[in-house]
Amino acid sequence: MKYPSPLSSSLPPALMVQGTCSNAGKSLLTAAFCRLLARRGLRVAPFKAQNMALNSFVTPDGGEMGRAQVVQALACGRLPDVRMNPVLLKPTSQDGSHVIVLGRPLALMKAKDYYRRKRALWDGVCRAYAELAADSDVMVLEGAGSPAEINLRAHDIVNMHMAHAADARVLLAADIDRGGAFAALVGTMQLLSPRDRSRVAGFLLNKFRGDASLLTPALETVSRRTRRPFLGIVPMLEGLRLPEEDSVGFREVALPGLGAGRPDAAALDADASLLDVALPDLPHISNATDLDALRCEPHVRVRLVRRPEELGSPHLCLVPGSRNSLADLLFLRESGLEAALVAYARGACAAAAAGGFAGMLLGICGGLQMLGTVLHDPLRLENGGSLPGMNLLPLETTLEAEKVLRQSRARVASPPADSPCVLSGYEIHHGVTRCRRDAAFAGDFDARPLVFRSDGVPIGWGLCRGDALPPVWGTYLHGLFDDDAFRHGLLRRLRTAAGRAPAPEERAYALGPELDRLADSVEAHCDWPRILGLLGL
């Protein structure tokens, strides 16, 4: 693709955060700069031309966009707008992704097919940027991966091509916590073309721990070699409660199985209030942010399960959302995890039928589909064909062309809530699920709807027996644990059923204070006046 000129001479000033690698902290740095500029009374908008992420969000008008740009929009004091992330890629395989353009599904594409479409997509990206910029005093852009991927540079619409189009000054960030940051900065600059290199105004070291004065010799050497200054050394900010952009970050902080993969019995016994939550580590896990609020609870341990022997006997087992439910169900089957999950669910059902408790299995979105009897994919939206499910709920799911994208208010029956309640969440799924009212299927249980959308449509089902906790249930509603009252009520019931002591409870998110905490840290550890000077402010 030909290098673009700036879209217009009347564009507002723009700052862009690029990185030497994926997960260098670009999204949070961008959110911090958005917040700092907005606190000066400026109209700010975030922008990322192309995002590859499985944690997406549904806007009020039913568009789908990357969650990182949602957080950045809130940092600006603006409502999320799909123009802030005009192209979203949701990987379904090693070389294929669902392509979302301006909030709407376009197609399932292989990488080569997508590259051929980029020229056409570029025009839409530029229009989205120009429209946002026309209503803003300053723009804050985010890159993706690294701008120095020379095998991808000819097709790259998110890094330097976008920087030139927006006439943006670029800050290049490196993750010093993972090592190799100085070599990455120097190497990136050397691989950039002279024109691209001219866009880089300075460097940021991110996720630093320790005494920054010890870095001085390295900073001076890198600055001398590249002729670029370091404009910030941002410390590792522990315990930041903001939604993860993707499952990469989730996998880094979720606790794995301990010992021989089994729950750490000593740790559980040492704290009589601790609840053990297990999560199968699906290859195509999506919207892992459903677990964020649980991970914030001080007496809840969320751990990833990768092998059957790691499952153990958790108080709650969650089968999460998936961008490719059929492929992930095959993974569970071939790895032996499906057999372990089914055995766990059968044990939970047997205990519940006898008036006891041995755990609860919950499936969310794709996880719900896997708990049913069969999944059909006649249009080859994923793997194609039909696949038997785990046969734990009498549900039959068909993936259909029309994708459900909506914010939803839903009524949750009791059980599983400690009392009926109304939740706000969102739905993202191609699946249409039907429940067979088959009494013989459930045995001692009544298989019935448990979660109803405000229009009366059921979007959750479970195995019920009186007012006891359902041993198996599932729902299409993402974000249900973000509701403090529902989450706390469910956790209290689980603790009581498991004989665990009461425990303190935490709020799920306090986005405003957390964004201010992030912004304060970045402002204190960056040369903020100099960065403002890059914008002419």
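Residues: numbered from 1 along the sequence shown.
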For the side chain of [X] and the backbone of [Y], is there at least one donor-acceptor N/O pair under 3.5 Å apart?
X    : Y    : result
S286 : S322 : yes
R35  : L518 : no
D377 : T398 : no
T289 : D292 : no
N159 : A144 : yes
S223 : R227 : no
T20  : A184 : no
R228 : V200 : yes
S335 : L337 : yes

Exercise. Hey, what's the ring geometry for H155 with Y115, parallel, tilted or perpendicular (30° and 60° as the breaks)?
Worked result: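 Plane angle under 30°, so parallel.
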
Problem set entry | Residue pairs passing the ring-ring contact (aromatic ring centres under 6.0 Å, His included) test where at least one lies in residues 167-201, sequence neighbours excluded | none

Exercise. Got a sec, which pairs hit ring-ring contact (aromatic ring centres under 6.0 Å, His included) with one end in residues 202-235, sequence neighbours left out?
Worked result: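 Residue pairs passing ring-ring contact (aromatic ring centres under 6.0 Å, His included), neighbours aside: F203-F230.
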
Exercise. Are E506 and R487 close enough, and set up right, to give a salt bridge (Lys or Arg N to Asp or Glu O under 4.0 Å), and what steps lead you there?
Worked result: CA-CA 10 Å; E506 292 284 340; R487 185 181 70 262; over 6 Å; no

For this session: Output the distance between atom CG (L204) and atom CG (L185), rounded to the nearest 0.5 Å.
Result: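 The distance works out to 9.5 Å.
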
For this session: Would you mind reporting whether L171 and Q18 have side-chain heavy atoms less than 4.5 Å apart?
Result: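 Result no, sub-4.5 Å side-chain heavy-atom pair not found.
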
Seminar exercise, completed: Only one of K403, K90, R323 passes side-chain hydrogen bond (donor to acceptor under 3.5 Å, both in side chains) with H98, and that residue is R323

Exercise answer: donor-acceptor pairs, residues 72-89 side-chain atoms, under 3.5 Å, sequence neighbours excluded:
from : atom 1 : to   : atom 2 : distance (Å)
Q72  : OE1    : Q69  : NE2    : 3.3
Q72  : NE2    : S27  : O      : 3.2
Q72  : NE2    : E142 : OE1    : 2.9
R78  : NH1    : V44  : O      : 3.3
R78  : NH1    : S136 : OG     : 3.0
D81  : OD1    : R83  : N      : 2.9
D81  : OD1    : R83  : NE     : 3.2
D81  : OD2    : R83  : NE     : 3.1
D81  : OD2    : R83  : NH2    : 2.7
R83  : NH1    : E131 : OE1    : 3.2
N85  : OD1    : G66  : N      : 2.8
N85  : ND2    : K48  : O      : 3.4
N85  : ND2    : V87  : O      : 2.9

For this session: Scan residues 520-529 for pairs that pass side chain to side chain donor-acceptor pair (under 3.5 Å), counting only residues two or more places apart or in two chains.
Result: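 Checked against side chain to side chain donor-acceptor pair (under 3.5 Å) - neighbours excluded - the pairs reaching residues 520-529 are R39-D520.
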
For this session: Only counting residues at least two apart or in another chain, list the ones meeting side chain to side chain contact (heavy atoms under 4.5 Å, CB included) with E334.
Result: L330

For this session: Examine the side chains of N287 and H478 and answer whether a donor and an acceptor come within less than 3.5 Å of each other.
Result: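 No, no side-chain donor-acceptor pair sits under 3.5 Å.
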
Exercise. Who are the ring pair (Phe, Tyr, Trp, His ring centres under 6.0 Å) partners of H429, not counting sequence neighbours?
Worked result: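 Per chain and number, H429 pairs via ring pair (Phe, Tyr, Trp, His ring centres under 6.0 Å) with Y476.
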
